[in-house]
Structures are given as C-alpha cells and as structure tokens.
Amino acid sequence: MTRTLFDQQLHVIQGDITRLRVDAIVNAANHSLMGGGGVDGAIHRAAGPNLKKACRELRETDWPDGLPDGEVALTDGFELPARYVIHTVGPVHAKTKDKSHLLAGCYRNAMRLAAEKGCESLAFPAISTGVYGYPFEEAAEVVLDVMRDRLPHHEALTVTLCFFSEEDVSAFLAVAERAGAVD
Ligand code: ADP
C-alpha cells in the first residue's frame with residue numbers, strides 16, 4: 001500500500017528498491033563507491049558488473065579520494081529497471097556529533113541532481129539507518145524537513161521513500177503524523 005504526503009509528491013512504500021521502475025534510485029553507498037553490503041550490495045548485484053566499472057571510472061576521474069559524506073555521483077542503472085543510480089554517502093552516526101546536515105545533504109543533493117537530469121521519479125532507501133547506525137526516527141525527521149523544504153522547488157519530481165520493512169514504513173508514518181505531514 002502506498003501512503004502519500006505533501007500533496008502526493010512524496011510516496012512511502014515497502015519494497016525492494018532494486019525492483020522499482022523509476023527514473024533514478026539512490027544508493028546508500030560508501031566512500032569507496034566500490035560496493036558493500038545492505039542496499040549497496042543489492043543494487044550492485046541487480047545492476048550487474050557494469051555498475052562497478054562505472055563506479056571505478058567515477059573514482060578515477062571525479063572522486064580520487066572517495067565520495068565525501070552527503071555528496072552525490074551519477075551512473076546509469078544498467079540492468080536495473082531504473083535509468084540512473086545516484087550514489088550518495090550517508091554519515092555514520094555518532095552520539096557526540098550532530099551529523100543531520102550531512103544526512104540532509106544526501107537527500108537534498110540527490111533531488112537536485114535528479115531534477116538536473118530531467119528525472120520525474122526518484123526513490124530513496126533509508127540512508128544511514130542500517131549499518132551506519134543512524135537512529136531511525138531522527139533520520140525520519142531529517143527526511144521530512146528536507147522534503148518539506150525542497151519538494152516545492154522540484155515540482156516535476158515525485159519522490160518515493162522505499163523502506164525494506166513494514167516496521168520502517170509504520171515508524172516513518174508515525175513520525176510524519178506527529179509532524180502533521182500526512183495527506
Ligand atoms: P547504511 O550503510 O547507509 O546504513 P544499509 O544498506 O546498511 O545502509 O541500510 C540502509 C537501509 O536500506 C536499511 O533500512 C536496510 O534495511 C535497507 N535495505 C537493504 N536492502 C534494501 C533493498 N533491496 N531495498 C530497499 N532497502 C533496502
């Protein structure tokens with residue numbers, strides 16, 4: 001079931017992001033861009049070996065020191081149903097340091113890049129909330145703030161938040177309801 005927010009410009013679903021037929025999906029990558037576990041591994045497996053090749057080229061040409069937290073880099077989707085993959089690096093959560101601006105940067109920069117490439121549909125996984133340890137509800141508040149702020153600037157763009165579990169969908173919607181953001 002899809003829940004919509006912000007005048008239907010934001011969709012919240014449970015699913016496997018590698019299956020989505022959208023213009024671009026976002027990858028919660030790591031600095032190396034060379035693939036890893038979690039959603040990164042799933043995207044690399046589904047996109048096929050050409051994705052790793054494209055990422056290696058990006059490293060060599062644009063990001064020799066690796067992709068910094070909050071930045072974005074674009075590749076094709078290769079064997080994915082999505083046309084593009086926007087790779088971003090979420091922050092590793094730290095109790096003593098507020099990294100919400102870096103997490104917000106992932107979402108904001110991916111939306112900007114998608115719009116620049118003429119995308120009308122963009123899907124995000126729950127960046128940083130897996131092995132990078134960002135508390136889910138804190139991340140949800142960051143995402144809602146960015147969506148409220150940036151969606152009006154990208155009127156042609158529909159964003160899907162693709163959560164891997166129903167628990168994450170419910171947890172996100174609870175935060176959204178508290179924030180008065182559900183349609
Ligand atoms: P990070 O390192 O940024 O924390 P992870 O890949 O560990 O990234 O986790 C991010 C989120 O992606 C987690 O909520 C995880 O359950 C989810 N996830 C893993 N595989 C998929 C997938 N195929 N589609 C959508 N979400 C996924």
Side-chain angles (χ1 to χ4, degrees), residues 1-3 10-49 51-52 55 59 63 66-75 77-95 97-111 113-114 119 121-144 146-147 158-176:
M1 195 177 80
T2 302
R3 300 292 293 267
L10 183 67
H11 292 199
V12 179
I13 64 165
Q14 183 277 324
D16 176 351
I17 200 166
T18 66
R19 310 287 291 271
L20 299 186
R21 193 167 294 282
V22 287
D23 292 332
I25 63 170
V26 174
N27 181 17
N30 57 44
H31 297 287
S32 79
L33 290 176
M34 286 296 110
V39 71
D40 193 7
I43 288 172
H44 273 269
R45 278 192 299 279
L51 181 59
K52 189 164 246 165
C55 286
R59 271 297 297 270
W63 302 101
L67 190 64
D69 287 358
E71 286 292 340
V72 289
L74 186 89
T75 64
F78 301 101
E79 293 169 44
L80 290 164
R83 181 149 49 111
Y84 298 117
V85 179
I86 295 176
H87 305 265
T88 190
V89 182
V92 177
H93 183 257
K95 280 203 181 92
K97 207 167 168 207
D98 179 11
K99 296 192 177 179
S100 57
H101 62 291
L102 295 169
L103 186 59
C106 293
Y107 285 88
R108 202 182 301 116
N109 289 328
M111 290 166 78
L113 183 55
C119 296
S121 51
L122 171 67
F124 287 95
I127 299 166
S128 283
T129 68
V131 292
Y132 281 7
Y134 213 99
F136 188 88
E137 296 202 346
E138 284 178 38
E141 284 166 10
V142 171
V143 174
L144 281 166
V146 172
M147 294 302 152
T158 299
V159 172
T160 297
L161 303 178
C162 177
F163 295 111
F164 211 32
S165 70
E166 285 294 352
E167 289 72 29
D168 282 357
V169 171
S170 301
F172 183 85
L173 290 173
V175 174

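Just so you know, ligand 1 is whichever comes first in the structure, and atom 1 is the first atom listed for that ligand.
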With a cutoff of 4.0 Å, is G133 in contact with ligand 1, counting heavy atoms of the residue only?
no
- Task: Determine, using heavy atoms of S128 and all atoms of ligand 1, whether some pair is separated by less than 4.0 Å.
- Result: yes
If you take the nearest heavy atom of each of A139, G37, G130, which one is closest to atom 5 (P) of ligand 1?
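Comparing heavy atoms across A139, G37, G130, the nearest one to atom 5 (P) of ligand 1 lies in G130.
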Below 3.5 Å, N or O to N or O, backbone or side chain included: is there any such pair between [X] and ligand 1?
X: D16; answer: yes
X: A126; answer: no
X: Y132; answer: yes
X: I127; answer: no
X: P125; answer: no

Kindly indicate whether the side chain of [X], heavy atoms from C-beta on, has any atom under 4.5 Å from the side chain of [Y].
X: H44; Y: V85; answer: no
X: L144; Y: M147; answer: no
X: N27; Y: V39; answer: yes
X: H31; Y: D69; answer: yes

Got the closest protein heavy atom to [atom], with its distance?
atom: atom 8 (O) of ligand 1; value: A28 CB, 4.0 Å
atom: atom 14 (O) of ligand 1; value: T129 OG1, 3.5 Å
atom: atom 7 (O) of ligand 1; value: V131 N, 2.9 Å
atom: atom 24 (N) of ligand 1; value: I17 N, 3.0 Å
atom: atom 16 (O) of ligand 1; value: F164 CB, 3.7 Å
atom: atom 6 (O) of ligand 1; value: V39 N, 2.9 Å

- Query: Looking only at atom types and distance, does a side-chain atom of T129 sit under 3.5 Å from a main-chain N or O of F136, one as donor and one as acceptor?
  - Reply: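 No; zero donor-acceptor contacts below 3.5 Å.
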(Q) Is it true that, when you exclude R59 itself, more than 12 heavy atoms of the residues, nucleotides or ligands shown sit nearer than 6.0 Å to its CZ? (A) yes
task = Determine, step by step, whether L122 and D23 satisfy the side-chain contact (heavy atoms from CB on, under 4.5 Å) criterion, reporting the C-alpha distance in whole Å, the side-chain angles of both residues, the deciding distance to 0.1 Å, and the verdict.
result = CA-CA 6 Å; L122 171 67; D23 292 332; over 6 Å; no
Would Y134 and I127 count as a side-chain contact (heavy atoms from CB on, under 4.5 Å) here? Give the steps. CA-CA 8 Å; Y134 213 99; I127 299 166; over 6 Å; no
Please list, in number order, the atoms of ligand 1 under 4.0 Å from a heavy atom of [X].
X: G38; answer: 6 (O)
X: A42; answer: 23 (N)
X: G15; answer: 24 (N), 25 (C)

Within the 4.0 Å heavy-atom cut-off, what D168 brings close to ligand 1 is side chain
Residues at least two apart in sequence or cross-chain that pass ring-ring contact (aromatic ring centres under 6.0 Å, His included) with F172, listed by chain then number, are F163
Between K99 and L103, is a side-chain contact (heavy atoms from CB on, under 4.5 Å) present by the stated rule, with each step listed?
CA-CA 7 Å; K99 296 192 177 179; L103 186 59; over 6 Å; no
Quiz item: Regarding T158 and H11, is there a side-chain donor-to-acceptor distance under 3.5 Å anywhere?
Solution: no
